[in-house]
Amino acid sequence: MTKPIAFIDLKAQGARVRDRIDARFKAVLDHGAYINGPEVAELEAALCAFTGASKSLAVANGTDALIIPMLAMDLKPGDAVFIPAFTYNATANAVLLAGATPVFVDVRGRDFNMDPEDLERRIEETGREGRLNPRLIIAVDLFGIPADYAAIFPIAEKHGLTVMADAAQSFGARWQGRWAGGIAPVTGTSFFPAKALGGYGDGGAIFFRDNDLFEVCEQIRWHGTDSARKESVRVGMNGRLDSLQCAVVLEKLAIFEDELRRRRAVAAIYNERLLPHADPQQFGDGGESGWGLYTLALDNRDAVQAALKSDGVPTAIYYPQPLHRMRAFQAYAPEGGLPEAERLSGRVLSLPMHPYLTDDQAHFVCDRFIAAVSSPPA
Ligand SMILES: Cc1ncc(COP(=O)(O)O)c(C=O)c1O
């Protein structure tokens with residue numbers, strides 16, 4: 001291997017878009033509208049055109065992209081929000097910061113996403129107990145793989161609940177021909193630099209299929225003011241995304257589909273070669289990953305990770321602990337635990353995944369992975 005393998009290669013991508021971003025930055029510095037410049041509306045329109053969402057709002061980060069719609073739903077501490085236990089902590093933080101109560105749901109070993117059977121069981125149990133009022137399901141598209149919307153939407157409808165998608169990791173994923181952002185009534189995503197579509201700092205967006213929430217979210221994003229910005233009509237926050245970040249995301253969006261093709265090619269090599277040796281995260285019928293990360297599950301994970309490290313293959317563990325085991329959220333841990341979320345946290349390993357990996361590098365990762373899983377633990 002001549003070039004070292006990067007887990008995510010923002011430098012290679014940066015070199016590709018540098019001239020266009022320089023020109024964009026110059027334009028922002030020239031017009032001077034650092035907040036709410038023309039790049040904001042331009043990005044929102046481009047995001048709608050890409051995802052098929054009817055409206056979108058650029059916001060300060062992916063956590064705000066979840067909090068703002070929940071504030072718009074006017075959730076109360078007695079309202080239950082059902083979230084998977086195996087996700088990034090921001091999903092649970094957002095629920096609590098929006099003033100509601102998280103109810104953790106177990107995940108499935110096949111797609112690592114929310115288990116619809118466990119979801120229904122917990123909705124019914126919550127209803128029977130009567131302590132909390134079931135309101136919302138947040139379906140997380142973990143590592144880029146769409147949640148099982150075919151099962152989740154009917155459950156939500158049956159129980160009168162809303163579905164919000166946490167697509168922080170899944171920009172570029174598709175489900176039944178719809179892009180992430182155009183699947184659920186409301187969706188939040190993140191433009192954290194390491195995401196498949198990232199900025200050069202924090203950022204995020206909310207996507208709407210259901211326009212009812214749009215106007216209220218727009219007000220909340222701008223300190224709760226009306227469109228004339230004269231009066232506070234509700235309690236809001238500073239949830240805006242600035243013009244410079246919007247300019248970066250616009251230029252990254254312009255190369256996104258080309259990058260996605262490379263991510264898919266790398267994933268195809270990994271899938272074909274590694275399926276016999278581990279349990280890669282899989283998606284169901286009608287789903288397609290955005291390949292934010294490539295993650296598989298295996299029993300001797302820590303030994304394999306150490307062997308790969310010594311072979312120059314960087315890897316990461318997302319996530320070493322399920323949320324209900326973390327101190328901040330233990331108070332919401334269900335009795336009896338969540339067995340699959342607990343099992344996965346001891347087995348998952350994410351391999352290098354980015355559009356600038358060559359086929360040779362992807363094969364090298366596979367060679368070293370297969371050697372590592374095949375050699376007996378020291
Ligand atoms: C599943 C999930 N939800 C929400 C977020 C929050 O995004 P941000 O870091 O932009 O606030 C992240 C970010 O990493 C995430 O992975």
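Only heavy atoms go into these numbers, but all of them, side chains included; no hydrogens, no water, no symmetry mates. Counting convention: from 1, in listed order, for ligands and their atoms alike. In this text, all values refer to a predicted model and were calculated from it rather than measured experimentally.
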query = T87 to ligand 1: N or O pair under 3.5 Å?
reply = no

ask   = Is there a heavy atom of D202 sitting under 4.0 angstrom from any atom of ligand 1?
value = no

inquiry  = Suppose we measure from atom 1 (C) of ligand 1 to each protein heavy atom; which comes out shortest, and what is that distance?
reply    = D166 OD2, 3.4 Å

query = Does CD belonging to E215 count more than 12 external heavy atoms closer than 6.0 Å?
reply = no

ask   = Any nitrogen or oxygen of Y319, main chain or side chain, under 3.5 Å from a nitrogen or oxygen of ligand 1?
value = no

ask   = Between I35 and D242, does a side chain to side chain contact (heavy atoms under 4.5 Å, CB included) hold up when you go through it step by step?
value = CA-CA 5 Å; I35 301 294; D242 60 76; 4.1 Å; yes

task = For E157, look at atom CD and say whether over 12 heavy atoms of other residues, nucleotides or ligands are found less than 6.0 Å away.
result = no

ask   = Which one of W291, F50, W179, F192 satisfies the ring-ring contact (aromatic ring centres under 6.0 Å, His included) criterion with F171?
value = F50

For atom 5 (C) of ligand 1, closest protein heavy-atom neighbour = A90 CB, 3.5 Å

task = Measure from atom 2 (C) of ligand 1 to every heavy atom in A168, G62, P193 and give the option owning the shortest one.
result = A168

query = Which of the numbered atoms in ligand 1 are below 4.0 angstrom from a heavy atom of Q169?
reply = 1 (C), 15 (C), 16 (O)

query = With a 3.5 Å cut-off and no angle check, do the side chains of K3 and Q361 form a donor-acceptor pair?
reply = no

request  = Say whether Y88, considering both its backbone and side-chain N or O atoms, lies within less than 3.5 Å of an N or O atom on ligand 1.
outcome  = no

Subset of ligand 1 atoms that lie under 4.0 Å from at least one heavy atom of K195 = 12 (C), 13 (C), 14 (O), 15 (C), 16 (O)

message = For D141 and Y149, which I'm curious about, is there any donor-acceptor pair between the side chains at under 3.5 Å?
response = yes

ask   = Is T63 touching ligand 1 with its side chain, its backbone, both, or neither, if touching means heavy atoms under 4.0 Å apart?
value = both

task = Only one of R16, Q13, K11 passes side chain to side chain donor-acceptor pair (under 3.5 Å) with Y356; say which it is.
result = R16

ask   = With no hydrogens and no angle check, do the side chains of Q281 and T295 hold a donor and an acceptor under 3.5 Å apart?
value = no

ask   = Considering only heavy atoms of S190, which atoms of ligand 1 have at least one such atom less than 4.0 Å away?
value = 7 (O), 8 (P), 10 (O)

